[in-house]
Amino acid sequence: MNYVDCFRALARRRTDQLVVTSAGNSGQAWWAATRDTEATFYLDASMSLATMFASGLALARPELDVWAFMGDGAFCMNPGMLMVERALNLPNLTHILVSNRVYGASSNAALPRHDNDYAAIARAMGLERVFEFGALDALERDFPSVVAGNVRGHTFVVLEVEPFSDAEQKLEQPPFDGPELKYRFGRHIEARTGCNIFGYRL
């Protein structure tokens, strides 16, 4: 699948989910597809921790559904995260692994191995709800049923996509610095849940 077309398809099927993107291509692709300024946290320099950040959100606010994007380059840094995700087994968290078989944030530098079976790795870690998509029509048809009304536990989705082209490497980065992003995202959660994140209300 084309990376950005894949993200546009997911964006069309998003309802009210919070989204956490990983560093590099997933943040660029999600910004290109959505221009979301409040309900997405673009976790720059995430170093394989996007799903751990998202797990904290999902654990703290079980009424919110959270999607966490992670490239396979980041995943290869810390596959042990799946043991934590399996132990938590949060039904409101969907881990979306974007497999392009390169380090996209490093100008498509090759991974040490190109034949990793990420779905098999997840199942070997004990995850039960594991899904794979390699074609856009299947993604558009079946993804809503994968994430809709999930009450059975953590969901792991593998998307097989093409690496960014040279033109896509030049896609705009989300135009936020850390403090602005933090407050936009935090205020959005406060408005939706009534919780007090920053210790004072506007």
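Predicted model only: the values in this text are computed from it and were never measured.
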- Message: Under the criterion side-chain contact (heavy atoms from CB on, under 4.5 Å), I'd like the reasoning laid out for Val130 against Tyr118: C-alpha separation, chi angles, the key distance, then a yes or no.
- Response: CA-CA 10 Å; Val130 178; Tyr118 299 113; over 6 Å; no
- Assess whether side-chain contact (heavy atoms from CB on, under 4.5 Å) is satisfied between Phe131 and Asp142, documenting all intermediate values. CA-CA 10 Å; Phe131 304 88; Asp142 297 333; over 6 Å; no
- Message: Ser55 vs Val84, test: side-chain contact (heavy atoms from CB on, under 4.5 Å). Steps then yes/no.
- Response: CA-CA 9 Å; Ser55 293; Val84 178; 5.7 Å; no
- Should Thr94 and Asp65 be marked as a side-chain contact (heavy atoms from CB on, under 4.5 Å) after you check the CA-CA gap, both sets of side-chain angles, and the distance that decides it? CA-CA 8 Å; Thr94 300; Asp65 288 327; over 6 Å; no
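Put simply, CG on Asn89 and CG on Leu127 are 7.5 Å apart, with the number rounded to the nearest 0.5 Å. Here the straight-line distance linking atom CE of Met83 with atom CG of Asn78 works out to 8.5 Å at 0.5 Å rounding. For the atom pair CG of Leu64 and CG of Leu59, the computed distance is 12.0 Å after rounding to the nearest 0.5 Å. In this structure, CZ on Arg8 lies 11.0 Å from CG on Leu136, to the nearest 0.5 angstrom. Rounded to the nearest 0.5 angstrom, His154 NE2 and Leu88 CG are separated by 9.0 Å. The structure places CZ of Arg13 at 7.0 Å from CG of Leu139, a figure rounded to the nearest 0.5 Å.
Side-chain atoms of Val66 and Leu90, non-hydrogen and from C-beta on, never get closer than 4.5 Å to each other. Leu18 has its side chain out of reach of Arg61: every pair of non-hydrogen atoms, C-beta onward, lies at least 4.5 Å apart. The side-chain heavy atoms of Val98 and Asn25, taken from C-beta on, include no pair separated by under 4.5 Å. Side-chain contact check for Phe176 versus Lys182: every heavy-atom pair is 4.5 Å or farther apart. Residues Ile189 and Arg192 form no side-chain contact, since every pair of their non-hydrogen atoms from C-beta on lies 4.5 Å or further apart. In this structure the side chain of Met70 never reaches within 4.5 angstrom of the side chain of Met77, judged on heavy atoms. Contact of the Ile121 side chain with the Phe75 side chain is registered, since non-hydrogen atoms from C-beta on lie closer than 4.5 Å. Side-chain contact between Leu93 and Leu57: absent, with no pair of heavy atoms (C-beta onward) separated by less than 4.5 Å.
Minimum interatomic distance between Ala50 and Ala68 (heavy atoms only, all atoms of both residues): O-CB, 4.3 Å. Across all their heavy atoms, Thr34 and Ala11 have their closest contact at CG2-CB, 3.6 Å. The minimum heavy-atom distance linking Pro163 with Glu168 is given by the pair O-OE1, 4.1 Å. Annotation for Glu160 and Ser99: closest pair OE1-OG, 3.1 Å, computed over non-hydrogen atoms.
Remark: side-chain polar atoms of Gln28 are paired, donor with acceptor, to backbone N or O of Leu171 under 3.5 angstrom. Proximity of a side-chain donor or acceptor of Glu190 to a complementary backbone N or O of Ile197 within less than 3.5 Å is detected.
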Ignoring hydrogens and angles, write down the donor-acceptor pairs under 3.5 Å from the side chains of residues 38-45, residues two or more places apart or on other chains.
unit_1	atom_1	unit_2	atom_2	d
Thr40	OG1	Trp30	NE1	3.0
Thr40	OG1	Asp36	OD2	2.6
Tyr42	OH	Asp36	O	2.8

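Pairs engaging residues 76-100 under the ring pair (Phe, Tyr, Trp, His ring centres under 6.0 Å) rule: His95-Phe156 [sequence neighbours left out].
In this pair, Phe185 and Phe53 present their aromatic rings tilted. The plane angle is within the 30 to 60° band. A tilted orientation is assigned to the rings of Tyr3 and Phe7, their planes being inclined by 30° to 60°.
Shown are Val20, Thr51, Val19; of these, the side chain to side chain contact (heavy atoms under 4.5 Å, CB included) with Phe69 is made only by Val19.
Electrostatic pairing of Arg12 and Glu140 counts as a salt bridge here, judged by a charged N lying under 4.0 Å from a carboxylate O.
When the shell of 6.0 Å around CD of Gln173 is examined, it contains more than 12 heavy atoms from other residues, nucleotides or ligands.
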